[in-house]
Every structure is written in structure tokens, then in C-alpha cells.
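In what follows, every heavy atom counts, from backbone to side chain, and hydrogens, waters and symmetry copies are set aside.
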Amino acid sequence: MGVDGIVLAAGLSSRMGKYKLTLDMGGKKVIERCIESMYDICSNVIVVGGYNYDLLVDILKPYSKVKLILNENYKEGMFSSVKKGLQQVKKDRFFLTPADYPLIKRETYVKMLSTNNDIVVPIYKNIKGHPILIKSYIINDILSGKYVSLREFTWEHGFSSVFLEDEGILLDIDTEKDYIDIINKAKFY
């Protein structure tokens with residue numbers, strides 16, 4: 001038993017205009033905040049990098065459970081990073097989240113683990129968010145080539161919802177305004 005984590009960190013940050021994963025949040029980088037909320041819960045955290053991979057190497061060195069892997073095909077989109085990360089999963093279940101979700105609470109991961117379904121999606125105020133939790137035995141189905149996105153697979157396969165009081169599952173950073181809003185909501189400022 002156990003759970004791995006996959007953090008998708010290969011994107012270009014094109015809507016942001018600058019590399020968002022290295023932006024400061026209370027003395028830590030955005031990607032560190034994302035990883036730290038799952039770090040104690042996961043056996044391993046697989047970070048899939050691409051764009052600015054070398055920056056991530058230095059930032060993630062202190063995290064012994066983090067395995068940084070390179071998606072050479074990151075320009076093909078997020079699903080290419082998902083597939084790359086899935087190939088590294090060793091545990092019975094895994095969490096998957098984009099790296100630009102820095103405010104997910106640790107308790108969210110704990111509560112999601114108490115649901116024993118194939119795919120578990122968190123909900124806050126009737127809106128689906130991240131991370132998602134997936135049983136590893138369905139990885140081959142995801143990788144089958146039949147699907148163009150994880151969302152398509154999830155809808156076809158079906159999922160269970162966990163209703164949470166964690167707005168962080170919805171708060172990602174795509175623009176400068178998103179970053180400012182998240183900084184204003186963060187408790188460490």
C-alpha cells in the first residue's frame with residue numbers, strides 16, 4: 001500500500017508572461033508550496049519538468065522524496081507530462097496535480113485517501129479541483145492511446161467526489177492577477 005504524488009511542472013507559463021513556478025510565496029517558491037502540502041503523505045513525489053527544467057533541479061534538491069523527471073515532449077501539452085509521470089508510479093494509488101496549485105491543504109490529501117474508489121476528485125462549492133487521486137491499476141487504461149486527455153479518461157471511466165472546505169483546490173496561477181489574489185489569500189503573509 002501507499003501513495004505516490006505526481007506534480008506537473010513542465011509548462012511554459014505563457015499566460016503569466018514569466019516563469020510562475022519560481023515566484024515567491026512567503027520565502028518559498030510556488031512549486032515548493034505545492035509539493036510540501038503532499039510531501040509527508042506521499043511515499044514519492046514525481047515532478048515532471050520540461051520548460052526551465054534546470055531551474056527546478058536546484059529548487060528541488062532539498063526534497064529527498066522528490067524524483068524530477070524530464071518530459072522532452074512538454075510542448076505537446078499537459079497530457080504528455082501526465083503520461084510521463086504515470087510511468088514512474090510505484091504505489092497502489094497516486095495523486096496528480098499541476099504545480100501551480102500552491103494552496104492545497106494537507107488535510108485535503110488526507111481526506112481524499114479515506115475514499116477507496118478508482119478516481120477521486122475534490123469539490124469545493126460544487127466546483128471540481130485538484131489534486132485527483134487515482135488507483136494505479138488503471139494506469140494502463142490511461143496510457144492505452146484511446147484518450148487525448150486525462151479529463152476525457154476521467155469522464156468516461158467515472159469518478160467519486162469528495163466535498164471539501166479547501167478553496168486551494170481551485171486556486172491555480174495562470175496570470176499576474178491570479179498570483180496576487182493567491183498571495184492575498186495565503187496565511188503565511
Side-chain angles (χ1 to χ4, degrees), residues 3-21 30-31 34-35 37-38 42 44-53 56 66-104 108-109 112-113 115-164 166 168-175 178:
V3 64
D4 283 334
I6 299 175
V7 176
L8 305 174
L12 297 169
S13 300
S14 52
R15 288 179 280 177
M16 183 71 179
K18 56 187 162 190
Y19 191 54
K20 61 188 173 185
L21 300 185
V30 168
I31 190 166
C34 178
I35 289 168
S37 61
M38 71 166 64
C42 295
N44 305 289
V45 178
I46 303 147
V47 176
V48 183
Y51 178 71
N52 277 339
Y53 180 85
L56 297 178
V66 168
K67 179 178 184 178
L68 177 61
I69 60 170
L70 175 63
N71 175 14
E72 303 89 355
N73 302 314
Y74 67 92
K75 290 183 181 176
E76 294 176 9
M78 189 181 293
F79 196 46
S80 69
S81 293
V82 169
K83 292 189 280 188
K84 193 80 171 181
L86 292 179
Q87 295 168 11
Q88 302 296 319
V89 170
K90 305 282 188 259
K91 298 298 178 182
D92 296 325
R93 297 193 282 177
F94 63 93
F95 286 106
L96 187 138
T97 191
D100 63 346
Y101 280 77
L103 297 185
I104 298 169
T108 291
Y109 291 98
M112 290 179 71
L113 283 172
T115 303
N116 190 25
N117 292 344
D118 287 354
I119 302 173
V120 181
V121 176
I123 308 258
Y124 175 75
K125 293 190 175 178
N126 294 317
I127 303 171
K128 292 184 290 301
H130 288 285
I132 61 173
L133 176 62
I134 302 175
K135 287 190 176 177
S136 299
Y137 85 90
I138 61 176
I139 286 176
N140 287 336
D141 293 342
I142 299 168
L143 296 175
S144 68
K146 180 179 174 186
Y147 303 97
V148 296
S149 71
L150 188 59
R151 178 177 287 146
E152 178 189 10
F153 174 81
T154 302
W155 279 105
E156 188 168 306
H157 186 82
F159 60 89
S160 297
S161 302
V162 175
F163 294 87
L164 302 164
D166 182 2
I169 70 166
L170 306 179
L171 299 176
D172 64 333
I173 300 171
D174 289 326
T175 65
D178 294 339

- Note on the structure: Correct closest heavy-atom pair for Ser80 and Asn73 would be OG-O, 3.2 Å
- Message: Return the CD1 to OG1 distance between Ile104 and Thr97, rounded to the nearest 0.5 Å.
- Response: 4.0 Å
- Could you state the interatomic distance from OG1 (Thr154) to CD1 (Ile132), rounded to the nearest 0.5 Å? 4.5 Å
- Close side-chain approach of Ile139 to Phe94, heavy-atom, < 4.5 Å: yes
- Task: Locate the shortest heavy-atom distance separating Gly129 from Leu170; write the atom from each residue and the value.
- Result: CA-CD2, 3.9 Å
- Do any N or O atoms from the side chain of Asp4 and from the backbone of Lys91 form a donor-acceptor pair under 3.5 angstrom? yes
- Is a side-chain N or O of Ser160 found less than 3.5 angstrom from the main chain of Asn117, in a donor-acceptor match? no
- Item | OH-CG distance between Tyr101 and Asp172, expressed to the nearest 0.5 angstrom | 4.0 Å
- Task: Check whether any side-chain heavy atom of Lys146 lies under 4.5 Å from a side-chain heavy atom of Asp141, and answer yes or no.
- Result: no
- Query: What orientation do Tyr74 and Tyr51 show, parallel under 30°, tilted 30 to 60°, or perpendicular over 60°?
  - Reply: tilted
- Query: Taking 4.0 angstrom as the limit, do Glu72 and Lys84 come out as a salt bridge?
  - Reply: yes
- Task: Look at the rings of Phe159 and Trp155 and say which category their plane angle falls in: under 30° parallel, 30 to 60° tilted, over 60° perpendicular.
- Result: perpendicular
- Derivation and outcome, side chain to side chain donor-acceptor pair (under 3.5 Å), residues Tyr53 and Asn71: CA-CA 9 Å; Tyr53 180 85; Asn71 175 14; over 6 Å; no
- Message: Quick one, Asp178 with Asp100, criterion side chain to side chain contact (heavy atoms under 4.5 Å, CB included). Give me CA distance, side-chain angles, the key distance, then yes/no.
- Response: CA-CA 10 Å; Asp178 294 339; Asp100 63 346; over 6 Å; no
- Distance-minimising heavy-atom pair for Ala9 and Tyr19: O-OH, 3.9 Å
- Query: Any side-chain heavy-atom pair from Ile31 and Val47 closer than 4.5 angstrom?
  - Reply: yes
- Query: Which distance, rounded to the nearest 0.5 Å, do you find between the CG of Asn126 and the CZ of Phe163?
  - Reply: 6.0 Å
- Message: Looking at Lys75, I'd like to know if its NZ atom is crowded, meaning that more than 12 non-hydrogen atoms belonging to other residues, nucleotides or ligands lie closer than 6.0 Å.
- Response: no
- Go through the steps to decide whether His130 and Ile169 satisfy the test side chain to side chain contact (heavy atoms under 4.5 Å, CB included), and finish with yes or no. CA-CA 5 Å; His130 288 285; Ile169 70 166; 5.7 Å; no
- Please round to the nearest 0.5 Å and tell me the distance separating atom CG of Asp166 and atom CE of Met112. 10.5 Å
- Message: Within this structure, what is the CG-NZ distance for the pair Asp174 and Lys20, rounded to the nearest 0.5 Å?
- Response: 4.5 Å
- Any Leu133 side-chain heavy atom under 4.5 Å of Thr115 side chain: no
- Could you walk me through whether Asp118 and His157 pass the side chain to side chain donor-acceptor pair (under 3.5 Å) test, one step at a time? CA-CA 9 Å; Asp118 287 354; His157 186 82; 3.0 Å; yes
- Task: For side chain to side chain contact (heavy atoms under 4.5 Å, CB included), just list the numbers for Val82 and Phe153, CA-CA rounded to whole Å, side-chain angles, deciding distance to a tenth of an Å, and then say yes or no.
- Result: CA-CA 12 Å; Val82 169; Phe153 174 81; over 6 Å; no
- Query: Looking only at heavy atoms, what is the nearest atom pair of Ser81 and Ala10, with distance?
  - Reply: OG-CB, 3.4 Å
- Task: Measure from the ring center of Tyr147 to the ring center of Phe79 and say whether it is less than 6.0 Å.
- Result: no
- For Glu152 against Ser149, the heavy-atom pair lying closest together: N-OG, 3.0 Å
- Message: Quick check: do Val120 and Arg93 have side-chain heavy atoms less than 4.5 Å from each other?
- Response: no
- Task: Looking only at non-hydrogen atoms, find the nearest pair between Pro131 and Phe95 and report the distance.
- Result: CG-CD2, 3.9 Å
- Decide side chain to side chain contact (heavy atoms under 4.5 Å, CB included) for Ile134 and Leu86; before the verdict, give the C-alpha distance in whole Å, the side-chain angles of both, and the deciding distance to 0.1 Å. CA-CA 10 Å; Ile134 302 175; Leu86 292 179; 5.9 Å; no
